[in-house]
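First comes the structure, then the notes that go with it.
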Amino acid sequence: MPYLSWNEGSQLQQERLEGARVLGADPLRATVLNPAGGAPVQAMVQPDGPRWRIRPMEGAVIRREGAMLPVEGLLLEDGDTLAIGSWELRFSEAFPGLDRDRFWETSKPVPLPAGPAAVVALRWVAGQAQRLERGLLAQEEPGLLAERLLEEARSFLSAETGAYLAHPTRAPLQIIHLIGPALPAEGPVNGLVDHALRDQVSLFSNDPRRDPRLADGPVATCGPVLIAPVSLEDGDSGEPAGAVFLLVRAPGSAGFDSADLSLLRSAADLAALAHRLSLVHRRLLTQAELESQLLHSQRELERQEERHGRLLAALGGAILRAQALVRHLPVSAAEALRLHLARMANLVEDGQSTDPGLPPPPGRSRPLSDIQSELLESWAILAETLNLSFEESPAPQAEAWMGGGPVVEALHSIMDAVFLQMTPGSTIPLRWKPEPGRLTLEILFPSGTGRVNPDAWSRDVLAAAGLDWRWSESGLSLTFRESPRQGPQTPERLMLGLVTEDLALSGLFQGAADAGGLGLFPLDEEPPAPPLPPFEILIVDARGVKNAVACLRAYRAHPSFATTPALVVRAREQDGPELLSAGATDWLPGALRWESLHHRLQALRRHRELQRKGRAAERLETVRQMAGTLKHEINNPLAVISLQTELLQRKFPEEPKLAKISEQVQRIQGLLQVLQKMRETTDEEYPGGTNILKL
């Protein structure tokens, strides 16, 4: 960790650089105060990648080795001396004021000694590496390997005490291994360990009582200290965890040097390697265990699906036999049973679907009178069997949007159970209650009629169709969403639909829409009633809605968004699979940035354009195949018609109708040739909203 240092009289002062620092005399504006006074703000020191940059501020003059710094400043080097007026500062990459004989530290790799001592050091390091390799192959615990490395380092470097200290994330310092006499509870050793962990440096201190790094710390009798950091990873959180190898010699012993530090650093690096390899091995075992569990779950799921398939097939056969037997029953009872058997057959067919993730069928706008007639017709058979009657009221002259799927069958799970409770001869009034944007059909039941809730399947169908139901004191209310009488005008630009309640992001989304040539259209968490303008992309803000999954499913059931690409932003990483299964085309986890949003929207638009081209190519190929079939099937009768027409023209040359027939035959043959040679399909819009292929 770099430092700025300066002298105040005979006292050396230092400032540890952990972030940007402002130099000056004003304590409210500067984080490093100029002891000699001067301008309120004179310079700023800030990170610039892996290095540090200093630049002058408010017209201040800064010199390095006599040269004035430019306005944009410059990158600092270790040992640079800076002059700001009468203030002299020194930039160093380690704690300032250390001499290499008694006190030294470095954050860089420590080179091995040179000369004859290098041979001994290299042999020792190679032996350590070989013993570590054998321990890893034998799958020994990383703690035992680290303890062995520490013991050999203590013996080789003639230390009295060796300790392996760890500082896990958000936990106090712990002694993992201790070899030799116990360490003092308080004293310079703890202060030097904290310093090494904080600055991530290797260090030695041959006179801890006078170590400048511990000027304000406790003093105690202690021999030379040698510390090397061990770069670990917290296996639980995956975050870096601080640890050190520590050697302490007896008081009065010879001090350590840089060669000793390089050897202890090598042992610490080998211990870190053993720890990381152990984590990798543990994760591989965990992954293998999870894969085994997943494979077991998949096989179990396949067995369950096979069992369910057999049961559904058997149930389907039983329903078919029951439908055959119904023919021999009286007409009224047969119709009622036939209706419910058909519903059971639909449920079996739905359960046998091979793709349950498909969105429900799109809905459509229907007149209220048609909806009422369909409901009464569906309930009439059972009502007639139970001797019940309906008192209808005229439906309003309006249209309601009704989602696709077996909505009427789902309503039977409520109505049939209620009908069975009623006394024969009862009358059931129906009343329409128009409300702004909604149309409610109230079905009134006699007092004392028990309330019935639909089963899970019926609830899902009703929710997907956008039909709200609720019990009141007088009966059951069915609420439909009113459809607008006239559809909206097609906008000049394609629309980007945005579902969020976080208005602070509107500028970000507006900028992304403008950059893509799209118009921004705010939407609620509940989709509006159709019809709507065409949407190019739908964005759902996971943090701006109550339930992103439910919101996606609701929009996928909407006819205007059934095939629209849907992008979910600000989603949690673990929610990705559930969002994709709910209908999301893509998703952006974490914080939202303009660049990532813009590029993702561009990718979705390119993807949709490729889909359009693919559909056009598929349609063109279909047209060509149809043209080939038509040419083969039509040419023979056309040849007969053409030959007979030619014979008639020879016999009756003055007949104009024969020439017209011959002309139309040639036109049909020409159209077939055009269809076979088509390279692209073009539509023409005709009155009534019909598109016709242009030839």
Side-chain angles (χ1 to χ4, degrees), residues 78 93-95 98-166 176-180 192-193 196-197 199-206 223-233 240 242-250 253-281:
D78 186 28
E93 294 183 352
F95 194 90
L98 304 179
D99 61 82
R100 199 178 184 91
D101 295 330
R102 293 187 302 164
F103 318 113
W104 190 56
E105 69 179 43
T106 179
S107 59
K108 298 178 180 179
V110 185
L112 291 172
V119 178
V120 178
L122 286 173
R123 185 178 300 161
W124 182 81
V125 173
Q128 293 274 65
Q130 290 177 353
R131 286 187 286 275
L132 176 64
E133 180 184 8
R134 288 196 296 269
L136 291 172
L137 291 175
Q139 296 185 1
E140 293 186 21
E141 289 291 331
L144 297 177
L145 296 175
E147 184 178 10
R148 187 183 307 158
L149 289 167
L150 178 65
E151 169 58 28
E152 292 179 357
R154 185 184 76 97
S155 176
F156 188 78
L157 297 175
S158 304
E160 182 182 33
T161 300
Y164 181 22
L165 308 175
I176 300 178
H177 300 298
L178 179 64
I179 304 171
L192 290 172
V193 169
L197 289 173
D199 285 9
Q200 282 297 296
V201 292
S202 305
L203 63 87
F204 65 78
S205 177
N206 292 329
V225 177
L226 188 67
I227 299 176
V230 182
S231 179
L232 300 180
E233 181 179 307
V244 296
F245 269 8
L246 168 70
L247 296 181
V248 182
R249 286 176 175 169
S253 301
F256 293 107
D257 57 21
S258 59
D260 299 332
L261 188 58
S262 67
L263 294 176
L264 186 63
R265 181 64 182 266
S266 299
D269 290 342
L270 291 175
L273 176 61
H275 178 79
R276 286 194 291 271
L277 290 177
S278 174
L279 285 181
V280 171
H281 182 256

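Worth knowing before you read on, the calculation uses all heavy atoms, side chains too, and leaves out hydrogens, waters and symmetry mates.
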Show the nearest heavy-atom pair for residues [X] and [Y], with the distance to one decimal.
X: N206; Y: D101; result: ND2-O, 2.9 Å
X: A196; Y: L203; result: CB-CD2, 3.8 Å
X: F256; Y: L157; result: CE2-O, 4.2 Å
X: G135; Y: L145; result: CA-CD2, 3.8 Å
X: T106; Y: W104; result: CG2-CH2, 4.0 Å
X: A163; Y: L178; result: CB-CD1, 4.0 Å

Using atom types as modelled and distance alone, determine if a side-chain donor or acceptor of [X] lies under 3.5 Å from a backbone N or O of [Y].
X: H275; Y: P142; answer: no
X: S278; Y: A274; answer: no
X: R100; Y: S258; answer: no
X: D199; Y: A94; answer: no
X: R249; Y: G255; answer: yes

Spacing of [X] atom [atom1] and [Y] atom [atom2] [to the nearest 0.5 Å]:
X: E105; Y: L98; atom1: CD; atom2: CG; result: 5.5 Å
X: R148; Y: L270; atom1: CZ; atom2: CG; result: 12.5 Å
X: L247; Y: L150; atom1: CG; atom2: CG; result: 6.0 Å

Going through the distances and angles, do L264 and I227 end up as a side-chain contact (heavy atoms from CB on, under 4.5 Å)?
-> CA-CA 8 Å; L264 186 63; I227 299 176; 5.7 Å; no
Scan for ring pair (Phe, Tyr, Trp, His ring centres under 6.0 Å) pairs involving residues 123-159, sequence neighbours excluded, and state none if there are none.
->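 Qualifying pairs, neighbours excluded: W124-F156.
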V230 side chain reached by Y164 side chain, heavy atoms, under 4.5 Å = yes
Does atom CD of Q200 have more than 12 heavy-atom neighbours from other groups under 6.0 Å away?
-> yes
Are R154 and E151 within salt-bridge range, i.e. N to O under 4.0 Å?
-> yes
Positive for side-chain contact (heavy atoms from CB on, under 4.5 Å) with L226, one of L192, D257, D260 |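 That would be D260; it is the only one of L192, D257, D260 passing the side-chain contact (heavy atoms from CB on, under 4.5 Å) with L226.
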